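Comments concern the structure below.
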Amino acid sequence: MAESPLAKRLAEIGSYQDSRRDQRWSFKLDQEKFLVKDEKHPTMPALAVTWLLGSGTHAQTAIAVEPRRRQGVELRWSWLASQNGPGLTPDHEPYDQFNRNSIECFGRPMNATDVLACLGCHMTVGPPPGAPLRTEFFVPNVGCERCHGPRQKHVELAQQGRGNEIKPLINYHNAEEYIAACAECHRDASDLTGKEQPHELVRFQLYGLKQSACYLKSEGKLSCANCHDPHDATSHDRALYRKQCQSCHQATEPSTCPIQPQGDCIECHMPAVEWTAGIKFHDHWIRKPENRSQAE
Ligand code: HEC
Ligand code: HEC
Ligand code: HEC
Ligand code: HEC
Ligand code: HEC
Ligand code: HEC
């Protein structure tokens, strides 16, 4: 994490008072390391953060991993874009009570399975099974090869001008197949525990989209690809999304909007909903606004 711009920013801020525990975290950049210390408990040694997960659109969460013991900890604080500063990591309230002299002092303890699950969706390549969780075994962030598979051969042939012999393409035959590829990491119906509050469902983009009449009644013409390019950051251009909606909803067949047929479709039909602590997600269950309020 020491190389990330956020490490520098936190070191400048210097410290942060935990919002729910009697702890004050100090942040320090020390050569190659980003160190976190509990100022109110000086005998507990400083912890070096290994990775920052998340692009930062909503948040960045720090984790520290002990390679040999194959365990780690998800830190109590995250950088929250909505607060433009550190705040409680989502879902850390259950850890308000903790043992000051253990790793719990820093946050939520993770065993090897937890660490690998967490990184599993946020990396391109991980370590061989059972190996120590050393940073050099990981290629963090979701890179090309995570979705396209190993492409060394393609690159070698391309350097000889023969790239077409092995194409770097993924071909999906239908919307369902396409969406299934995203489901490896993005939440779908199989990730539901049944305990979610209605506002928490907005993080399940696949589940939402697949509940929508647009998906169910468009005969395989609607997938994430209509509105997103997985290679780019999400566009915030509402006119672009309207164009996508209108590629189907342009006349009486299937239907046009009786309220604002030229309006900002997203504002009413895919609104941003607060998931937690000012972090918002867009509801991918496309429906009439009154059906939203009924469900919630
Ligand atoms: C290997 C895991 C993985 C797969 C597979 C995956 N994603 Fe993602 N996606 C992520 C992660 C992680 C993020 C959060 C951004 C980050 O932290 O880097 C993300 C973020 C996004 C975003 C939001 C980007 C932003 O600007 O905030 C979109 C849109 C998206 N993915 C679309 C897709 C689509 C479409 C597919 C299927 C083709 C897909 N993703 C497959 C892991 C994955
Ligand atoms: C099943 C796959 C999966 C697992 C496991 C997972 N993530 Fe993610 N994570 C995603 C996807 C997909 C996104 C982007 C879409 C979203 O936020 O719903 C994301 C988004 C994030 C973001 C917000 C990024 C932004 O948009 O700013 C953070 C922070 C994050 N994850 C941290 C973690 C941490 C820490 C762990 C482990 C404790 C973890 N994730 C485990 C798939 C996963
Ligand atoms: C989150 C998954 C994901 C990641 C990461 C990813 N791609 Fe893709 N890529 C796709 C999907 C999905 C398609 C579209 C396939 C389709 O529509 O059938 C695609 C298509 C392509 C195409 C064909 C483009 C076209 O217009 O036909 C190329 C080339 C490509 N990707 C290169 C890359 C490179 C280079 C990287 C890394 C910088 C990368 N991809 C990272 C999912 C991904
Ligand atoms: C691939 C085609 C397609 C796209 C793209 C599409 N829809 Fe639909 N949508 C349909 C079909 C088909 C139906 C079902 C018939 C109908 O109600 O018109 C539907 C139904 C709806 C309904 C009625 C839902 C209900 O439960 O009665 C709303 C509202 C809607 N769409 C809004 C949108 C918005 C907003 C967008 C863009 C964000 C969008 N649609 C994108 C095809 C599409
Ligand atoms: C009909 C258009 C449409 C389709 C289809 C669609 N999205 Fe989105 N998506 C949006 C819009 C609009 C936003 C919000 C963009 C913004 O921030 O202004 C968004 C945002 C996101 C984000 C960022 C977090 C958020 O909620 O703001 C993720 C992740 C995402 N979409 C994933 C997916 C995945 C995965 C699929 C396929 C299952 C998908 N989307 C299908 C329109 C769509
Ligand atoms: C100001 C909010 C608002 C905006 C903006 C808006 N809609 Fe609607 N839309 C509604 C409401 C409310 C209904 C339900 C009306 C009813 O059932 O009488 C509706 C209904 C619909 C329906 C269902 C029509 C039917 O016959 O059942 C579709 C399709 C639709 N909208 C598409 C769109 C599209 C596409 C856009 C963008 C071009 C859009 N809407 C913009 C509020 C809005």
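Since we're looking at a predicted model, the values are computed, not measured. Indexing begins at 1, ligand by ligand and atom by atom, following the structure's order.
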_To make sure I understand the geometry: which N, O or S atom in His231 is closest to atom 8 (Fe) of ligand 3?_
NE2
_Below 3.5 Å, N or O to N or O, backbone or side chain included: is there any such pair between His58 and ligand 2?_
yes
*Considering only heavy atoms of Gly54, which atoms of ligand 1 have at least one such atom less than 4.0 Å away?*
17 (O)
*With a cut-off of 4.0 Å, which atoms of ligand 1 are near a heavy atom of Cys224?*
35 (C)
_Side-chain ion pair, Asp96 and Arg21, N-O less than 4.0 Å_ = no
*In terms of residue, atom name and distance, what is the protein heavy atom nearest to atom 17 (O) of ligand 1?*
Ser55 N, 2.8 Å
*For atom 33 (C) of ligand 2, which protein heavy atom lies nearest, and how many Å away is it?*
His122 NE2, 3.6 Å
*In the protein, what heavy atom is nearest to atom 5 (C) of ligand 2, and what distance, to one decimal place, separates them?*
Ala117 O, 3.2 Å
*How many protein N, O or S atoms sit closer than 2.8 Å to atom 8 (Fe) of ligand 1?*
1
*Contacting atoms of ligand 1, where contact means under 4.0 angstrom from a heavy atom of Ala181*: 5 (C)
*Check: Tyr178 N/O within less than 3.5 Å of ligand 3 N/O*: no
Please output the side-chain donor-acceptor pairs of residues 43-52 that fall under 3.5 Å, not counting sequence neighbours, one pair per line with the distance.
{"from": "Thr50", "atom 1": "OG1", "to": "Val65", "atom 2": "N", "distance (Å)": "2.8"}

*Short N or O distance, Glu184 and ligand 1, threshold 3.5 Å exclusive*: no
_Using a 3.5 Å cut-off on N or O atoms only, is Thr234 in polar contact with ligand 1?_
yes
_Centre-to-centre under 6.0 Å for Tyr16 and Trp25, is that the case here?_
no
_At less than 2.8 Å, would any N/O/S atom of Cys144, backbone or side chain, sit next to atom 8 (Fe) of ligand 3?_
no
*Can you confirm whether something in the protein, heavy atoms only, sits under 4.0 Å from atom 14 (C) of ligand 1?*
no
*For ligand 1, is any non-hydrogen atom under 4.0 Å from Thr57's backbone (N, CA, C, O), its side chain (CB onward), both, or neither?*
side chain
*Which part of Cys121 is near ligand 1, with near meaning a heavy atom under 4.0 Å away: side chain, backbone, both or neither?*
backbone
*Below 4.0 angstrom from a heavy atom of Ala233, which ligand 1 atoms are there? Numbered from 1 as shown, please.*
26 (O)
*Arg146 heavy atoms, cut-off 4.0 Å: which ligand 1 atoms fall inside?*
1 (C)
*Report the part of His148 (side chain from C-beta onward, or backbone N, CA, C, O) that has a heavy atom under 4.0 Å from ligand 3; answer both or neither where that applies.*
side chain
